Structures are given as C-alpha cells and as structure tokens.
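Let me begin by presenting the structure, written as structure tokens, before commenting on it.
By convention in this document, chain letters (A, B, ...) are assigned in the order of the sequence lines, proteins followed by strands, and residues within each chain are numbered from 1. Everything numeric in this text was worked out from a predicted model, so none of it was measured.
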Amino acid sequence: MKAKRVKHRAKAKTAWPKKAPGLIAGAVEKCPDCSSTDIKNDPKRAERFCNGCGMVIEEKQIDTTQEWRAFDYEQKQKRDRTGSFLTYTRHDKGLSTSIGDQGFSDLYKLTPSKRASFYRLKRWHRQVSTATERNLRYALSELDRISSAIGLPKNIRETTALIYRKAVTKGLVRGRSMESVVAAALYAACRKHNVPRTLDEIAEASNVKKREVGRTYRFITRELGIKLLPTSPVDYISRFASELKLSPKVQEKAIEILNKANKKDLVSGRGPTGVAAAA
Amino acid sequence: MAKKAKPVSKKRKLIGKPKVRIENVVASASVDAEFDLDKIAATLPNAEYEPEQFPGLVLRLVDPKAAILVFSSGKMVCTGAKEPKIIKLAIEKTLKQIRTAGVKVRGPAKITIQNIVASSDLGVELNLDKISFSLENAEFEPEQFPGLVFRIAEPKVVFLLFRSGKIVCTGGKKPSDVDKGVARLIQELKKIKVV
DNA sequence: ATCTTACTTTAGAAAGC
DNA sequence: GCTTTAAAAAGTAAGAT
C-alpha cells in the first residue's frame, strides 16, 4: 500500500466537523494507518485520504507545486467555515520555513516531480515528522476548539499557530502540557493583536489553571524573544461597556479618564482589567 | 524594631545608595552520615516528617530562627536565616538535636549559601511601564503580578521592582552580589532616566 | 530504558487582587 | 489567601527520544 503522510490535512477525528464540503465520503474501507473508516475523496487532487490521520490512501497523481497552492487556497476557504483544515500551519504562512521546520514544505515541493526522491525520503520524513506533526495536529485542534469557544478572529488563530509551532521547534513544550502551551500562545496572540481576552477567559476555555497559563506564557514569551506591551486598559473599555450595556458616551468618558490617569503615571502596577473597570 | 524605611516621602531623584536588608538566606549543608528520619521525627518535637508528601524532614528552630530540611542522605537545606552567620548556628544546632535523637553524626557540616533574598527601597516612585519599555531584560505583566521582573547577568540576580520604589533582590550567593546588583540596577535605571 | 522537565517542602520581601 | 523571584535537597510523574 503506497501511501504518504499529508501534513496538516486532518486532525483528531473527534474534532472534525460533520462533513467537509467538497469532499465526498469514500468507500467503506479502513485507513491502513489508523484504522479509521472515515476515508474522504479529494476531487481536486484526485486522491483519497483518511479523514482521521491525514494518510493518503491512493494517489492518482498530478500534484504540482501549483496545485498544492490551489489546494491550500481551496481548503483554506473551507477551513474558515468548518474550522477543520489546518492550512494556516503550512509553509505558505511562513510557519515552517521561518523556524527551521523539519522540511515539510520542501518535501512537498519535491513530491510532484521527484517521485523516487520522495519515496526515499518518505521513511525519514515519517520518522522525524510524525511525533511533531501529531503534536501539531492535536494542538491545532485544541486551538480551534478554544477559538470557537471564545470566538476569536482567524488572524489570531494564525498567530497562535505560529507561536505554538515556534515553541515546539524550540522544544519549549517539554515538561509542560501541550494544552498550557496552546493556551499561552493564544494569550500571547491576543495580546499581540490587542484583542482583550483575559487570562481567566483563556484559562477557563482551555481547562488550564490560570497560574499555569500565565507561567507558560511568560516562559515561551521569554524563550522566543517576544516582548509584548501590557494590554492597554482602553482595549478593555469597549468590551466591558458592551457587557455592562454602557452608553457610548460613558465609554468615551472612561477612555478620557484613562488617558488622564496615564499622563499622571498612576496606573503602573495595576492590572489593566482593574483600571478599565474603575474607569 | 522599625520595619526599616520610615514613611520617607518619595523623592523625584534617587540620591546615594539605599540600605539593603537581607530577608532570607538559603543554604545547603551536608555531613557524612545517613539519617534515620523516622527516628529523628519520633524524638524531636519540632520535627515534621511526611515522606509521602516530601522526602525531607522539616526541623524548625526558634533560637536561631530558621527552618531546616533534613534528608536521609545527610544533606540539609537551611532557610529563613536573616543573615549568613545564622546558617552555621542553625546547622550546628540541628546536628546537635539530631545527635540527641540518638543518631550519630561526626565532623562539621560543609555549608554553601545558595540564595540570598533582600529588600530595599529606592525611595523613588517607579514608572514600571517605562522601565519595561526601556530595559530589555525587564518583564512586566501587571495582570499576573504587580512587580516588574528585572534580571541582570553580573552578578546573576533577579529583581522585583514595585511602583512604590520598594525592591526585592534574589538569586545572589553572597551579600556582595546583592550590593553590586543593586548598584547595577540603579545604574540601569539612571540610564533610562527613571530615577 | 534513559533523559528532561516540573512538581512537592522551606522562608522571606514586595503589592495587587 | 493567592500571585512572582531564587535556590538546594530527594522523591514522583509525565513526556520525549
């Protein structure tokens, strides 16, 4: 059975949505790798693959770099709605190459024209990639779960994926639960995009103790050389206001108060959340 | 005994070097002997020993105020000392009590100070936001902790800086590390004009 | 199976929650 | 009371390799 592992194609079956539009359910057969019977057919690439682990069952060929790009795009569009395809972890997002990835993107590029090379590399590919890839797949399904739970824009998911991947590459997940690292990366991404999501919200959504999310956040942030400015209390205003049903006028005044407080240097040491609430 | 800094009004500029007070000294010690912790725990009233929870026996001394963790290997950890010299006194007293419990111990213990925690007051209000923006090794997460963490490599110590100007220095192995560290800290703060 | 982490315990200060 | 910083001791747990 010739089959190759397709990265980021699928993730834990439990996290898969009912169906992936555009992909037709395949015949009743088991995946040689994970035994899942959830085999899908990919009309675009003319191949069938396991929906559970991403293993390609039959390759009917014709894969070119260009088609890979097309594939990415098509799947990406679907992903946006289903939250299934992990295309944003691909090289096209610069998530691999910029961090010394094991070479997935290069391998993909070799696939179309150098079949022989591919097969020779396949063994190596599988042994060195499997662990990381599975970790990544699981981590991303976690990310999707949490993201949809607290409703986050995709740019934040992508940033989170990027941070997570860098963390994995640097071996920062060792000794820590993958969940806490995902939560920490997500928190960092929110901070980076100035999307106010408190540690508590993320901790709750990810089932990781607040203390652990915070610790992991500080750890990976330090190790990856990421230095984020404390969230401005102003960023919390709109959220708090809508939650409390405050008028725009009140919000404006709150922001005004915050600006004054800032000039007077009286907020350092105080959590932005509390400051915003006070205002 | 006064806590130290009386309500000195915060000045705008820092002048002179602030007094540093050592709050805690942690040291490891060891003797060539194997300790029967059950026996020690059974005879010393000031000992706590719950091997299921932690492999060390906890001995609390009131005289030299300190807490000593005693391990079956003959190694110990002494914490709570307000000054380095107290470590030796505490370890000596610990060995004395252990002998009282019927456990033989010969020779003096070799002691190594592992960490010194000190506090001080710069006497100036600190703008932690500005410091975190300006100093590379500063990490400030007000949502998680009100203090700013600042690490310096030489001497290798870590500071916790607070808005009030109060600071904590930890990680030093000897008193001079604290003094040099504080001097270095002030030097850095002056560079970015926050003191 | 081994190596790597981290957690457990101890003390102390700081200041916000 | 909790949170953060550092450090040692000797176990356990979990993860990666």
Taking only the side-chain heavy atoms of B:P55 (C-beta and beyond), determine which of C:dT10, D:dA7, C:dT8 contains the nearest atom.
C:dT8
P atoms of C:dT9 and D:dG1, separation to the nearest Å:
14 Å
So B:V168, base contact, sugar-phosphate only, or nothing? Heavy-atom distance under 4.0 Å.
base
Looking across every strand, which nucleic acid part, if any, lies under 4.0 Å from A:K210 by heavy atom: base, sugar-phosphate, or nothing?
nothing
OP1 or OP2 of D:dA14 less than 4.0 angstrom from a side-chain nitrogen or oxygen of A:R174, does that happen here?
no
Using atom P of each nucleotide, how far apart are D:dA7 and C:dC3 to the nearest Å?
24 Å
I'd like to know if the side chain of A:T159 pairs up with that of A:K192 as donor and acceptor (distance under 3.5 Å, no hydrogens or angles considered).
no
Reading DNA chain C from 5' onward, which residue's closest nucleotide shows up sooner: B:Q53 or B:I116?
B:Q53
Could you check whether B:R151 makes a cation-pi contact with B:F159, meaning its NZ or CZ is under 6.0 Å from the centre of the six-membered ring and within 45° of the ring axis?
no
Quick one: which of C:dC7, C:dG12, D:dA16 gets closest to the side chain of B:N115?
C:dG12
Tell me whether the OP1 or OP2 atom of C:dA14 has a side-chain N or O from B:R163 closer than 4.0 Å.
no
Check: A:T160 main-chain N/O paired with A:R165 side-chain donor or acceptor under 3.5 Å:
no
A:E179 atom CD: more than 12 heavy-atom contacts under 6.0 Å:
yes
Considering only C:dG12, C:dG16, C:dT5, which nucleotide approaches the side chain of A:R176 most closely?
C:dT5
Would you check, one step at a time, whether the test salt bridge (Lys or Arg N to Asp or Glu O under 4.0 Å) holds for B:E139 with A:R222?
CA-CA 9 Å; B:E139 97 183 15; A:R222 203 161 69 223; 3.5 Å; yes
Whether B:K173 contacts D:dA6 is assessed here as follows: a side-chain N or O lying under 4.0 Å from the phosphate OP1 or OP2. Is that the case?
no
Please report, rounded to the nearest Å, how far the P atom of C:dG12 is from the CD1 atom of B:I113.
17 Å
Looking at every strand, decide which applies to B:S164 at a 4.0 Å heavy-atom threshold: base, sugar-phosphate, or nothing.
sugar-phosphate
side-chain contact (heavy atoms from CB on, under 4.5 Å), that's the test. Do A:V173 and A:Y164 meet it? Break it down for me.
CA-CA 9 Å; A:V173 182; A:Y164 184 83; 4.1 Å; yes
Indicate, with a heavy-atom threshold strictly under 4.0 Å, whether B:K156 touches base, sugar-phosphate, or nothing.
sugar-phosphate
Considering only heavy side-chain atoms of A:N135, the closest of C:dA14, D:dA7, D:dA16 is D:dA16
Please determine, for the side chain of B:F145, which listed nucleotide (D:dT17, C:dA15, D:dT5) has the closest atom?
C:dA15
Using atom CG of A:L172 as one end and atom C1' of C:dT4 as the other, report the distance to the nearest whole Å.
13 Å
On DNA chain D, nearest-nucleotide positions of B:S73 versus A:R215: which is more 5'?
A:R215
Give a yes/no on whether any side-chain N or O of A:R211 is located under 4.0 angstrom from OP1 or OP2 of D:dT3.
yes
Closest approach to the side chain of B:F162, judged atom by atom: which nucleotide of D:dA9, D:dA6, C:dA15 is it?
C:dA15
B:E141 pairs by salt bridge (charged side-chain N to carboxylate O under 4.0 Å, His left out) with which of A:K227, A:R191, A:R218?
A:R191
Starting at atom CG of B:L148, determine the distance to atom P of D:dT5, rounded to an integer number of angstrom.
12 Å
Nearest-nucleotide wise, let me know which of B:S28 and B:L160 is further upstream toward the 5' end of DNA chain D.
B:L160
Give the rounded distance in Å between these two atoms: NZ of B:K75 and C1' of D:dA8.
10 Å
Would you sort out whether B:Q144 and A:Y217 count as a side-chain hydrogen bond (donor to acceptor under 3.5 Å, both in side chains), showing the intermediate values?
CA-CA 11 Å; B:Q144 295 163 54; A:Y217 160 77; 5.7 Å; no
Without decimals, in angstroms, what is the distance between B:E139 CD and D:dT5 P?
7 Å
So which nucleotide from D:dA8, D:dT3, D:dA9 ends up closest to the side chain of B:L69?
D:dA9
Shortest side-chain distance from B:A67, nucleotide among D:dA9, C:dG12, C:dT10:
C:dT10
Taking only N and O in the side chain of B:R21, is any of them less than 4.0 Å away from OP1 or OP2 of C:dA13?
no
Check the pair B:K82, B:E23 against salt bridge (Lys or Arg N to Asp or Glu O under 4.0 Å), reporting the backbone distance first and the verdict last.
CA-CA 5 Å; B:K82 287 296 185 184; B:E23 305 284 358; 3.3 Å; yes
Expressed as a whole number of Å, how far does the P atom of D:dT3 sit from that of C:dC7?
12 Å
Can you tell me the distance, in whole Å, between the CD atom of B:Q114 and the P atom of D:dA7?
9 Å
Reading DNA chain D 5' to 3', what string of ( ), [ ], | and . shows its pairs, if Watson-Crick and G-U wobble pairs count only when both distances fall under 3.5 Å?
|||||..||||||||||
Verdict with reasoning, B:Q97 to B:N46, per side-chain hydrogen bond (donor to acceptor under 3.5 Å, both in side chains):
CA-CA 10 Å; B:Q97 295 196 348; B:N46 55 330; 3.0 Å; yes
B:Y49 OH to C:dT8 C1', straight-line distance once rounded to whole Å
14 Å
For B:I68 and D:dA8, give me the distance from atom CD1 to atom C1', rounded to whole Å.
14 Å
Nearest of C:dA15, C:dA11, D:dT5 to any side-chain atom of B:V26?
C:dA11
